[in-house]
Amino acid sequence: MKHEGSCHCGRIAFEVEGDIAEVIDCNCSLCRRRGGLLWFAPREALVLKTPEADLSTYTFNKHHIQHRFCATCGIAPFGEAAHPATGAQMAAINVRCLPGVDLAAVKIIAFDGAGA
């Protein structure tokens with residue numbers, strides 16, 4: 001299934017393809033404050049519909065994950081990183097930025113990112 005997503009102001013727009021059955025609710029210092037629900041997809045499933053130059057990037061801790069956000073509205077629709085076990089490029093999609101997803105129908109799994 002193809003999903004359309006964006007930040008709040010629309011400066012960052014994208015499509016991502018895949019079936020969303022479950023998402024991660026991480027409690028690390030960033031995710032806890034941001035409140036995102038993350039679904040992981042292969043990076044090639046994510047297609048930007050706006051210029052990559054419009055993305056702002058934040059990294060912290062070990063600097064492995066590029067947390068992408070909009071400098072205009074502040075919303076963080078996705079992150080990018082290599083899968084730690086396989087090295088495959090992944091996208092961590094904030095499903096709250098996919099208006100077509102019924103969040104009540106998605107299984108939420110707690111992840112202890114604070115303790116990781």
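- Listed by chain and residue number, nothing satisfies the side-chain hydrogen bond (donor to acceptor under 3.5 Å, both in side chains) test with S56 (two or more places apart in sequence, or in another chain).
- A distance of 7.0 Å separates CG in L38 from SG in C26, rounded to the nearest 0.5 Å.
- Within the structure, no pair that satisfies the ring pair (Phe, Tyr, Trp, His ring centres under 6.0 Å) test touches residues 22-50, not counting sequence neighbours.
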Report, one line per pair, each donor and acceptor closer than 3.5 Å where one atom sits in a side chain of residues 46-53; sequence neighbours left out.
unit_1, atom_1, unit_2, atom_2, d
T50, OG1, R11, O, 3.2
T50, OG1, A13, N, 3.1

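- Under the 4.5 Å side-chain heavy-atom criterion for Ile, Leu, Val, Met, Phe, Trp and Tyr, V16 and L55 are members of the same hydrophobic cluster.
- Qualifying salt bridge (charged side-chain N to carboxylate O under 4.0 Å, His left out) partners for K107, counting only residues two or more places apart in sequence or in other chains: none.
- E22 contributes atom CD, which lies 11.0 Å from atom CD1 of I108 (distance to the nearest 0.5 angstrom).
- When the side chain to side chain contact (heavy atoms under 4.5 Å, CB included) test is applied to D19, the partners found at least two apart in sequence or on another chain are M1.
- Hydrophobic cluster of I65: no remaining members, since no ILVMFWY side chain lies below 4.5 Å from it.
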Evaluate side chain to side chain contact (heavy atoms under 4.5 Å, CB included) for V106 paired with L37, printing each intermediate quantity in order. CA-CA 10 Å; V106 176; L37 294 173; over 6 Å; no
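- Residues passing the side chain to side chain contact (heavy atoms under 4.5 Å, CB included) test with H8 are C73, I75, sequence neighbours excluded.
- Taking H67 as the reference, F60 meet the ring pair (Phe, Tyr, Trp, His ring centres under 6.0 Å) condition, with sequence neighbours excluded.
- A search for side-chain hydrogen bond (donor to acceptor under 3.5 Å, both in side chains) contacts involving D112 returns N27, not counting sequence neighbours.
- Of all non-hydrogen atoms in R96 and L103, the two that sit nearest each other are NH1-CD1, 3.9 Å.
- Looking at residues two or more places apart in sequence or on another chain, you find a side chain to side chain contact (heavy atoms under 4.5 Å, CB included) between E44 and P42.
- Rounding to the nearest 0.5 Å gives a distance of 8.5 Å between CG of N94 and SG of C31.
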Would you be so kind as to tabulate the donor-acceptor pairs closer than 3.5 Å made by side chains of residues 76-88, with sequence neighbours excluded?
unit_1, atom_1, unit_2, atom_2, d
E80, OE1, R68, NE, 2.7
E80, OE1, R68, NH2, 2.9
E80, OE2, R43, NE, 2.3
E80, OE2, R43, NH2, 3.3
H83, ND1, A85, N, 3.0
H83, ND1, T86, N, 3.3
T86, OG1, A88, N, 3.2

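- To the nearest 0.5 Å, atom CG of residue L30 and atom OG1 of residue T59 are 10.5 Å apart.
- The structure places CZ of R33 at 9.0 Å from SG of C28, a figure rounded to the nearest 0.5 Å.
- The side-chain heavy atoms of V101 and V23, taken from C-beta on, include no pair separated by under 4.5 Å.
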